[in-house]
Amino acid sequence: MARIAYVNGRYLPIGRPAVAIEDRGYQFADGVYEVIKCVFGQPRDLERHLDRLERSLRELRIAMPMSRAALRRVIAETLRRNAIRHAIVYIQVSRGTAPRNHLFPKNAVPSLVVTVRRAPFPKPAEIEDGVDVVTLPDQRWKRCDIKSISLLPNVLAKQQAAEQGAREAWLVDADGRVTEGSSANAYIVDQSGTIITRPLGGEILGGITRQNLFAAAKAAGVPIVERAFTVAEARAAREAFLTSTSSLVLPVTRIDGQSIGNGKPGSITCRLLDAYLQAQGLAAVI
Ligand code: PDD
């Protein structure tokens, strides 16, 4: 069955050309996106994803393409038409279509595309053994808090990580401190059992899974300190992990080829993963 996309008011087979050549998302990466997980057809954390979408749009002075209620209906209808049990909903909003000119067009109508695909959850082996990450220079801009579709440095970093046999790249600022992954937030657990992760700011995306992880850690009595950590600290950590909507809470067991802790997923990481799976209704799925 062909996947169906919502494109500016129409539901179309995903392969059908439907976006204008002069869409500013296409020509300038002038737009934002969201990725929402659906379990048994039900979106998770939908309101928080929509809050973040609205914030990203506001920061770039792009109007919401429709009311929040209408957008919820479009998401539900796109899910219905695709009938995928555990899915990832992708929402992209661009500033709209206009003759190419860097300046904001007058009266542009924002473009909205919604697609759905099968959720690429981690494989059992990745959860049981943990994954490798490599550290690479963070070459992104200073507004990584905006979920912009301009992802070229992320794409290049992820590709380089894959070519080095790693699942993810952890990006490192000019002072040698980890910001986040190319598509996930980054955490270590120090020898005292405290989680350390970068504070919110222009250097990272405020992950929705990060919010959930904080709630799970609080409930489990695991302390979190929000501060930047160095690559050297990461290599000496007891545990490491990453979080994102589709990677969930994923143990990291090697950084730049060096084992972390005893080389197996850490106990705190596993406890928080279990709590997260439970809270998301994923315990029987993963
Ligand atoms: N990525 N940091 C970056 C740079 C990201 O791209 C993402 C998400 C996250 C985690 O955010 P959340 O927990 O809200 O998914 C952090 C999405 C999934 C993507 O680009 O596919």
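For reference, positions follow the sequence shown, starting with 1. Scope of the values below: all heavy atoms of this structure, side chains included, with no hydrogens, waters or symmetry mates. Counting starts at 1 for both ligands and their atoms, in listed order.
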Can you tell me if S56 uses its side chain to pair, donor with acceptor, with the backbone of K147 under 3.5 Å? yes
Quick check: R210 and ligand 1, any N/O pair under 3.5 Å apart? no
Under 4.0 Å from a heavy atom of N185: which atoms of ligand 1 are those, numbered in the order shown and with their elements? 10 (C), 16 (C)
Under 4.0 Å from a heavy atom of T245: give me the atoms of ligand 1 that qualify, with their elements. 12 (P), 13 (O), 14 (O), 15 (O)
Is there at least one pair of N or O atoms, one from R140 and one from ligand 1, spaced under 3.5 Å apart? no
Under 4.0 Å between a Lys/Arg side-chain N and an Asp/Glu carboxylate O for R68 and D51? yes
Specify side chain, backbone, both or neither for S182, according to which of its non-hydrogen atoms lie closer than 4.0 Å to ligand 1. backbone
Can you tell me the protein heavy atom closest to atom 16 (C) of ligand 1 and the distance? E180 OE1, 3.4 Å
Is a side-chain N or O of D256 found less than 3.5 angstrom from the main chain of T135, in a donor-acceptor match? yes
Donor-acceptor pair, side chain of N185 and main chain of G206, under 3.5 angstrom: no
Just to be sure I'm reading this right: ignoring hydrogens, which of A157, S246, S183, S244 gets closest to atom 7 (C) of ligand 1? Compare them by their nearest heavy atoms. S183
For L205, is there any backbone N or O sitting under 3.5 Å from a side-chain donor or acceptor partner on E180? yes
List every atom of ligand 1 that sits less than 4.0 Å from any heavy atom of K147, numbering the atoms from 1 in the order shown and giving each element. 1 (N), 6 (O), 8 (C), 17 (C), 20 (O)
Can you report which non-hydrogen protein atom sits closest to atom 21 (O) of ligand 1, along with the distance? V35 CG2, 3.7 Å
Taking the six-membered ring of F104 (Phe, Tyr or Trp), confirm whether the NZ or CZ of R61 is under 6.0 Å from its centre and within 45° of its axis. no
Y33 heavy atom under 4.0 Å from ligand 1: yes
In terms of atom number and element, which parts of ligand 1 are under 4.0 angstrom from non-hydrogen atoms of G207? 11 (O), 12 (P), 13 (O), 14 (O)
Polar-atom distance check: G181 versus ligand 1, any N or O pair below 3.5 Å? no
